[in-house]
Undergrad: 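Have a look at this one before I ask anything.
Just the heavy atoms: all of them, side chains too, but no hydrogens, waters or symmetry mates, feed the values below. When a ligand or atom number is given, it counts from 1 through the structure's own listing order.
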Amino acid sequence: MNVSIIGTGYVGLTTGACLAYLGHKVTCVDADERKVKALQAGKIPFYEPHLGDFLADAKHNLSFTTQYGEAIPQSRVVFIAVGTPPSSTGAPDLKYLEAAARGIGEHVAEDFVVVVNKSTVPIGSGNWVESIVREAYEKRTGQKANGRFAVASNPEFLREGSAIFDSLYPDRVVVGSDNQRTGEVMYSLYRPLLEQSFKAPWYLPRPERMGAVPLISADLASAELIKYAANAFLALKISYINEIGQLAEKVGADITQVAKGIGLDARIGTRFLQAGIGWGGSCFGKDTAALVATASEYGLDASIVKAARETNRKQRERVVEKLLDELKILKGRTVGLLGLAFKPDTDDLREAPALDIARKLIERGARVKAHDPVAMERFLEQYPDIDITLCATPEAVAKDADAVVLVTEWKQYRDLDWESIKSSMRLPVVLDGRNHLDRARLAKAGFRYLSLAG
Ligand code: UDX
């Protein structure tokens, strides 16, 4: 099938690569000429494990362009995967979505085409996109658009850092549409994925016990709400375990054991119960804010989601409070941050806790040093206003520091030579913001080990 993808961010590029890998002819469209040139030359605009191999494997089915005219007219399915960044009110900014919808209407073929919203968009956007495509189509052709195209919602659930794995082996595929023909086109598009009939790449073997993938066929509004409700629920789980973590600290309980003990109840589940600094990234903050904003448009309070947001905000403050408690004075101190990215295996810094923590420490007069295995270059590019001294190694971050904070749980930080790091620090204080380090080993090495839950 011929497919176009508008937007080559995490979602667009991964979706494009995945569909090309499954055998479809995919053209990715992006307005950013530099990015398109780089992609054409085989360069990847962000760090994502296996994406390079995956794009190379799918290369024969994949092309990139800045021109709608080179992609849309021959496509049966057009995905919109543009950014919907948060605006000042918490509601997402839809200008890129609107531009994409207009561009589609201006170029869509005069045959049946499915326009798919892949970006996370407010509930009701499917209808809105349809009206923009229709208007642009009718203006161009002077004809009624009836039956020429239909809009579907197909939310993504991929996590950065495991985007390819999540795309190839999803727990479910959700397709929302108010039109039967759309459902049929989407079914044939995803068939190899649903039936798991494709050959698994060597670098990402199919998980054992992976069966057929369930397809959830819903109406448009339900599919749109599924996306928000899923992300908000995961965010709730994290804030919940962080709230219990605060109590665990007071009563002397171990939050990791508590999380395991409750998580093994199948009704609860073990995932997304990792206590610590809390969530960052481009999705949870934005999607919970959007859910609250939508609820309030309908006179609802969404108080549980609001509370989860507040708990998450406070976790970042607690890092600074803990350091203040321990060091008494932050002015003139040097604090080292291990990790800048919002989570391991990505160089994405959007809503990264490290940025907030660094700002707060700097405000209090501390000097901040940091290391990240992949995100430092991006940090320099995007946050020249935050005065952090970047270090080539984690050891250099710790040298002469009064405290080190583990912000992002990169695997290699657990295996550092903590014994020799201790002797290079001014004070041997470690705040393990992700409950990631070997507490017993650090205590034995003579560290003062702090965490957000004990
Ligand atoms: C998320 C969703 O998981 C994905 O389904 C969605 O469609 C896009 O948003 P992503 O933001 O890439 O994915 O990362 P995710 O792995 O969900 O982590 C989000 C944040 O929560 C990270 O900052 C992570 O460190 C934090 N987190 C995650 C915890 O603090 N505890 C956990 O147990 C899990």
Undergrad: For Lys25, what residues pass the salt bridge (Lys or Arg N to Asp or Glu O under 4.0 Å) criterion, not counting sequence neighbours?
TA: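 So Lys25 forms no salt bridge (Lys or Arg N to Asp or Glu O under 4.0 Å) with any residue.
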Undergrad: Could you check whether atom OH of Tyr228 has more than 12 heavy atoms from other residues, nucleotides or ligands sitting under 6.0 Å from it?
TA: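 Check passes, neighbour count above 12.
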Undergrad: Under the salt bridge (Lys or Arg N to Asp or Glu O under 4.0 Å) test, which residues partner Arg313, sequence neighbours left out?
TA: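 Partners of Arg313 by the salt bridge (Lys or Arg N to Asp or Glu O under 4.0 Å) criterion, ordered by chain and then number, come out as Glu310, Glu317.
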Undergrad: Do His50 and Phe165 have ring centres separated by under 6.0 Å?
TA: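 Not close enough - the centres of the two rings lie 6.0 Å or further apart.
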Undergrad: Only counting residues at least two apart or in another chain, list the ones meeting side chain to side chain donor-acceptor pair (under 3.5 Å) with Thr182.
TA: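 Result, side chain to side chain donor-acceptor pair (under 3.5 Å) vs Thr182: Asn179.
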Undergrad: Got the residues with a heavy atom under 4.0 Å of ligand 1, by chain and number?
TA: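 Only Glu156, Phe157, Leu158, Arg159, Glu160, Lys227, Asn231, Ile238, Phe272, Leu273, Gln274, Gly278, Trp279, Gly280, Cys283, Phe284, Phe342, Lys343, Arg434 have heavy atoms that fall under 4.0 Å of ligand 1, ordered by chain and number.
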Undergrad: If I take atom CE from residue Met425 and atom CD from residue Glu395, how far apart are they, to the nearest 0.5 angstrom?
TA: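 Between Met425 CE and Glu395 CD, I get 12.0 Å after rounding to 0.5 Å.
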